[in-house]
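Please read the structure below before turning to the comments.
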Number of protein chains: 4
Amino acid sequence: MSEALPKTCDDPRERVLRAAERAFVASGFHGARMAQIAKEAKMSPGHIYHYFESKEQIIAEMIRAHYEEKKVTVERYREAGDQVVDMMIDNLKDSVAAKTDPFWSTLMLEIAAEATRNPEVASSIRNMDAELKGRVISYLQDSVRKDNLESRLEIFVALMQGIGMRNILNPSLDKEAVTLILRDVIEVLFRQKD
Amino acid sequence: MSEALPKTCDDPRERVLRAAERAFVASGFHGARMAQIAKEAKMSPGHIYHYFESKEQIIAEMIRAHYEEKKVTVERYREAGDQVVDMMIDNLKDSVAAKTDPFWSTLMLEIAAEATRNPEVASSIRNMDAELKGRVISYLQDSVRKDNLESRLEIFVALMQGIGMRNILNPSLDKEAVTLILRDVIEVLFRQKD
Amino acid sequence: MSEALPKTCDDPRERVLRAAERAFVASGFHGARMAQIAKEAKMSPGHIYHYFESKEQIIAEMIRAHYEEKKVTVERYREAGDQVVDMMIDNLKDSVAAKTDPFWSTLMLEIAAEATRNPEVASSIRNMDAELKGRVISYLQDSVRKDNLESRLEIFVALMQGIGMRNILNPSLDKEAVTLILRDVIEVLFRQKD
Amino acid sequence: MSEALPKTCDDPRERVLRAAERAFVASGFHGARMAQIAKEAKMSPGHIYHYFESKEQIIAEMIRAHYEEKKVTVERYREAGDQVVDMMIDNLKDSVAAKTDPFWSTLMLEIAAEATRNPEVASSIRNMDAELKGRVISYLQDSVRKDNLESRLEIFVALMQGIGMRNILNPSLDKEAVTLILRDVIEVLFRQKD
DNA sequence: CATGAATGAGCGTTCATTCAT
DNA sequence: AATGAATGAACGCTCATTCAT
């Protein structure tokens, strides 16, 4: 009954991670100050180091948590059976909204930028990315056209993440029009020719 | 006749900008050290401040220079006349190679990330981006399908930049396969129906 | 009857003092961490402050305890009667071993170094040192040469502590040879000319 | 004519070393603050790092400089020929004064204490100490008793450094009386039996 | 009596920027 | 125009000490 809520604001590690996320979005991994993270986590700077060894570790764990969330998100493809292309199209509006949320697109940008500089982070990201992509491919396998599936998926992911980046450079991006056009792109990328 | 060569290695401002570009790609805007930029520009750190007020200004001007280069690049769309979709397809391999060049994709990432943090830079980028897009639209106008052209262009740009980001997260991206599939996407995005 | 055993491992103050001693030898007064002392004393860091006001106080009391032990040690001179020079010579091997024990020589070094920095500690050490020396002089008085006895004793103590320091700077010090030579030095310092 | 004075206050490295020496004597290696050293060296904290990589390096170089000075000091034994024991006795007053200078005895204490904790420093000190001792032995070789010479020298050095330590614990040490008694100790340690 | 989570001042060090030359 | 020595504020992080429980 009184089950501890998992991952609430009461878990101090989680509080730090959430605070760091906000600080990273606001100032970038390098620009974010431990003092700011501490303040947002309602914790003294020193106490953060009871939960994390370093700022680097906070970055690494936040990236990992980000991928864990993505894992959950892609599980819905598993359940879509052979309706997966229809599902992608049905969910398009939400997907575009998610990718154009400035919070998430900014974080994605930071993560990619960190991968270009920190080899340890890069390797970890690439492993997680590959695992995620492998899962998605196994879920799509039977219901979409199979030729060059991996590359088609790469293009789809590139497109969705690219939309996030475009929304940063052009926040007046017409999400509705984009959503409509994306339907055709998804059809051409994935629909099996009966 | 003895016109000063514009943008050669002899122009010290240009030298700083090129050096900064390399340093930013290697270490990010925050990670790059003025000392490193000075060394690469073969100039003392102090002397950089004769040409630029601050590191921020170097970032801003480097981004501007980046857009100036892009302006030159898009001019070829102007010259393509009504063959523009064919030209996009013919150039696809080069375009993919350009977007997956780690140097440029890293720089693009830094620029986008900076836009999320520095409002002045963000505003300047958005102006330049809008101008660039306006030009491209005017060049495409007569030779591609006109419905929702701006959004179709956004999607195309998102896709190309997204491929750059994907290449960072997954450097074993199959560029050849991607190039092939992109042909179909371009057809569906831009080809006028008879 | 049920007298509390003094100075056993059950006395928590004593446990802290012993733990501090080990930590100070391992890391120095400054390098030793309260957390380490607490761990060695099998006590929480916070609880140490029920027994001691500060780290400084632990240092001061540990030094005092060190002198109390020395007091016990010098009592044997009292019991030697007029055989004291012979006893010094007989005990030489043990004395050298004691002074070259890294534990005690390190502690001696820390104590002397602390005396150069902390005036309160310095004053307390000087009092205790003077008292100790006074006792030894009274024990030696009747059985050794009396001219300049205090200075002869100073030289003897300097020599023994100096050997401890030499053993730190040159751990391959030949203790056996040193012991042999010291016999002659003691003879010249203390033996009464019949 | 206008020869640069070697090691004057104009050499900034030397200024840092001298400032560090004073700060180390006043507060110990650990207690001394870079800000304090900077202030005493009339230099900003940041600028110290143009000359030294770290506080550790300053400590290491100061110790080395200390040994270089000692090397110069022991050279006079070389020139004493077979009068070396007489010279030791003649110089005794100065030697005692040098060893009881609180500045130098405090520094010696810090150095020995550092050797018990920092293995790199310890190894360097031991090498320098061994070299120094080797030199002295070669200078004494022909004019003092040869049995166990190395250990006799160790005892002499221990005695002199021990006097420095005693002077810290008992600053009212009677240097004159000590000097007188030391003559006999030197005779017994080194004088050749005709 | 006892805990250990929590604090926050202060450390060694870095680096954008300045300025005497 | 050009240098590079010099600055000092600000960083990530540590640890003696406190205090709610």
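So you know, we letter chains A, B, ... as the sequences are listed, proteins then strands, and number each from 1.
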Basic-acidic side-chain contact under 4.0 Å: R117(B), E56(B): no
Charged N-O contact under 4.0 Å between K55(D) and E114(D): no
Which whole-number value in Å describes the distance from [X] [atom1] to [N] [atom2]?
X: I37(A); N: dA10(F); atom1: CD1; atom2: P; result: 18 Å
X: Q57(D); N: dG12(E); atom1: CD; atom2: P; result: 16 Å
X: Q36(C); N: dC15(F); atom1: CD; atom2: C1'; result: 13 Å
X: H30(A); N: dC15(E); atom1: NE2; atom2: C1'; result: 14 Å
X: M34(D); N: dA9(F); atom1: CE; atom2: P; result: 17 Å
X: I48(A); N: dA5(E); atom1: CD1; atom2: P; result: 16 Å
X: H50(D); N: dG8(F); atom1: NE2; atom2: P; result: 13 Å

Sugar-phosphate only, base, or nothing, as touched by A38(B) at under 4.0 Å among non-hydrogen atoms: nothing
Touch class at under 4.0 angstrom, heavy-atom based, for Y51(B) against every strand present: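 If one applies the 4.0 Å heavy-atom cut-off, Y51(B) turns out to touch the sugar-phosphate alone, with no base involved.
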Any donor-acceptor N/O pair, S27(A) side chain to F24(A) backbone, under 3.5 Å: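 Answer holds: no.
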Any donor-acceptor pair under 3.5 Å from R126(D) side chain to I168(C) backbone: yes
Given DNA chain E, 5'-ward residue of the pair E53(B) and K42(A), judged by closest heavy atom: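 Mapping each residue to its closest nucleotide by heavy atoms, the 5'-most match is K42(A).
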Contact nearer the 5' end of DNA chain E, comparing P45(C) with S44(A):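 Closer to the 5' end of DNA chain E: P45(C).
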H47(B) side-chain N/O to dA1(F) phosphate OP1/OP2 under 4.0 Å: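 No, outside the criterion.
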Closest-nucleotide 5' rank along DNA chain F - winner of M43(B) and K55(C):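 On the 5' side of the pair lies M43(B).
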Heavy atoms from C-beta onward define the side chain here; which of [options] lies closest to that of [X]?
X: S54(B); options: dT17(E), dA16(E), dA2(E); result: dT17(E)
X: R33(D); options: dC11(F), dG12(E), dA2(F); result: dG12(E)
X: Y49(A); options: dT7(F), dC13(F), dT13(E); result: dC13(F)

Beyond-backbone contact of I48(A) with I58(A), side-chain heavy atoms, under 4.5 angstrom: yes
Side chain proximity check, E110(D) to I59(D), heavy atoms < 4.5 angstrom: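 The answer is no; the side chains never approach within 4.5 Å.
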Consecutive-pair stems (3 or more, Watson-Crick or G-U, under 3.5 Å) for DNA chain E: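 The stems are E:2-21 with F:2-21.
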Closest approach of Y49(B) to S54(B) (non-hydrogen atoms, all atoms of both residues):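 So the two residues come closest at CE2-CA, 4.1 Å.
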